[in-house]
Amino acid sequence: STAGAKAASESLLVPTAALASWHRCNERVTHMAEKTSSLGLEGMDAISFFEDSKPKRGSFEFKTVVNGLTYCFRNQANLDRFLKKPEAFLPQFGGHCAFYCGLLGKLKPGSAKAWQIINGKLYLTGGPNVFWLWKQFPSLIGRGHDHYRAPFISKPSHEPARRLSR
């Protein structure tokens with residue numbers, strides 16, 4: 001029916017608009033990536049993503065460096081817990097945007113403000129619009145892992161966007 005076709009075409013406008021917004025957002029993120037430091041998770045305590053239901057700022061008093069990135073923690077207990085098994089708390093894809101890695105096989109910085117824990121793993125996206133879009137396509141997680149292939153701790157989250165080898 002004409003009404004059904006119109007509804008279907010209108011439903012396609014939302015992802016298209018969201019994708020355009022995501023693209024503009026990632027252009028800004030790429031520009032910002034050139035100026036970022038080597039601070040992992042934007043200074044947020046990696047443990048807090050898993051225990052506090054939202055990230056909390058860490059302190060330079062309790063810090064460690066993993067693969068060239070400095071991770072800060074709120075207290076010594078969190079730092080000690082991280083040091084026992086960092087791979088349990090580090091973000092997937094080296095902190096890069098899970099949507100971008102899964103969809104295009106490229107690296108863009110992820111944001112500690114747009115994240116989700118799935119099956120005990122921390123995933124970051126490029127921002128709220130990208131996060132919403134990423135949640136619409138759960139298959140991008142597996143594709144992201146296929147694209148990323150190399151161990152996630154070998155690629156620092158502050159490197160510029162580039163095409164991943166297949």
Side-chain angles (χ1 to χ4, degrees), residues 14-15 18-19 21-23 25-26 28-30 32-33 36-159 161 164:
V14 174
L19 189 58
S21 175
W22 163 78
H23 181 62
C25 172
N26 273 298
R28 288 192 299 272
V29 169
T30 299
M32 289 170 26
T36 58
S37 69
S38 59
L39 190 60
L41 292 173
E42 301 170 27
M44 298 299 173
D45 183 332
I47 304 297
S48 69
F49 286 88
F50 293 86
E51 292 187 347
D52 299 324
S53 73
K54 71 177 190 173
K56 294 188 177 175
R57 176 109 10 235
S59 166
F60 279 105
E61 182 179 350
F62 309 104
K63 68 181 179 186
T64 189
V65 176
V66 176
N67 198 40
L69 296 175
T70 301
Y71 291 90
C72 299
F73 300 88
R74 290 181 302 148
N75 53 50
Q76 187 66 47
N78 283 5
L79 172 59
D80 291 344
R81 187 168 172 201
F82 178 85
L83 291 173
K84 286 180 183 173
K85 195 170 182 185
E87 65 277 3
F89 302 103
L90 289 170
Q92 299 300 287
F93 314 129
H96 292 95
C97 176
F99 178 80
Y100 203 79
C101 189
L103 183 67
L104 301 173
K106 294 184 178 182
L107 301 178
K108 292 275 190 172
S111 170
K113 295 176 182 141
W115 59 277
Q116 186 171 12
I117 295 174
I118 299 175
N119 295 326
K121 302 291 183 184
L122 175 60
Y123 295 89
L124 306 178
T125 63
N129 291 338
V130 180
F131 180 72
W132 177 86
L133 197 55
W134 178 67
K135 287 182 72 168
Q136 309 310 306
F137 301 98
S139 65
L140 291 178
I141 294 172
R143 286 188 58 189
H145 285 287
D146 289 343
H147 288 147
Y148 202 72
R149 294 185 202 245
F152 64 89
I153 59 173
S154 70
K155 294 182 172 105
S157 64
H158 63 279
E159 70 183 31
L164 293 175

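We use all heavy atoms of the structure for the numbers below, so side chains are in, but hydrogens, waters and symmetry mates are not.
I117 is linked by a side chain to side chain contact (heavy atoms under 4.5 Å, CB included) to F49, F50, W115, L122, counting only residues two or more places apart in sequence or in another chain. By the side chain to side chain contact (heavy atoms under 4.5 Å, CB included) test, K85 is found to be paired with E87, A88, residues two or more places apart in sequence or in another chain being considered.
The two residues Y71 and G40 make their nearest non-hydrogen contact at CE2-CA, 3.6 Å. Here the closest heavy-atom approach between residue C72 and residue S59 is recorded as CB-O, 3.5 Å. Taking both residues in full, the closest heavy atoms of D45 and R74 are given as OD2-N, 2.8 Å, listed atom of the first, atom of the second, then distance. Taking each heavy atom of S111 and L124 in turn, the nearest pair found is O-CD2, 3.6 Å. Minimum heavy-atom separation, S38 to G68: CB-O, 3.3 Å. Looking at every heavy atom in both residues, G144 comes nearest to C101 through O-SG, 3.6 Å.
Using the six-membered ring where Trp is involved, F82 and F89 have ring planes that are tilted, between 30° and 60° apart.
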Using the rule given for side-chain contact (heavy atoms from CB on, under 4.5 Å), can you reason through Q76 versus L79, listing the C-alpha separation, both sets of side-chain angles and the distance that settles it, and then say yes or no? CA-CA 5 Å; Q76 187 66 47; L79 172 59; 3.7 Å; yes
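Between the side chain of T125 and the backbone N or O of A114, at least one donor-acceptor pair lies under 3.5 Å. Between the side chain of N78 and the backbone N or O of F73 there is no donor-acceptor pair closer than 3.5 Å. A donor-acceptor pair under 3.5 Å links the side-chain atoms of R57 to the main chain of E42, judged by distance alone.
Considering only heavy atoms from C-beta on, V130 comes within 4.5 Å of C97 through its side chain. Two residues are said to be in side-chain contact when any heavy atoms from C-beta on lie closer than 4.5 Å; Y148 and Q92 fail this criterion.
Here the CD-CZ distance, from Q136 to F99, works out to 10.0 Å after rounding to the nearest 0.5 Å. Rounding to the nearest 0.5 Å places CG of L140 at 6.0 Å from CZ of R143. In this structure, CD1 on I141 lies 7.5 Å from CG on N119, to the nearest 0.5 angstrom. Here D52 contributes atom CG and M44 contributes atom CE; the two are 12.0 Å apart, rounded to the nearest 0.5 Å. In this structure, NE2 in H96 is found 4.5 Å from CG in L107, a value given to the nearest 0.5 Å. Note that CG of L104 and NE2 of H147 are 8.0 Å apart. Values are rounded to the nearest 0.5 Å.
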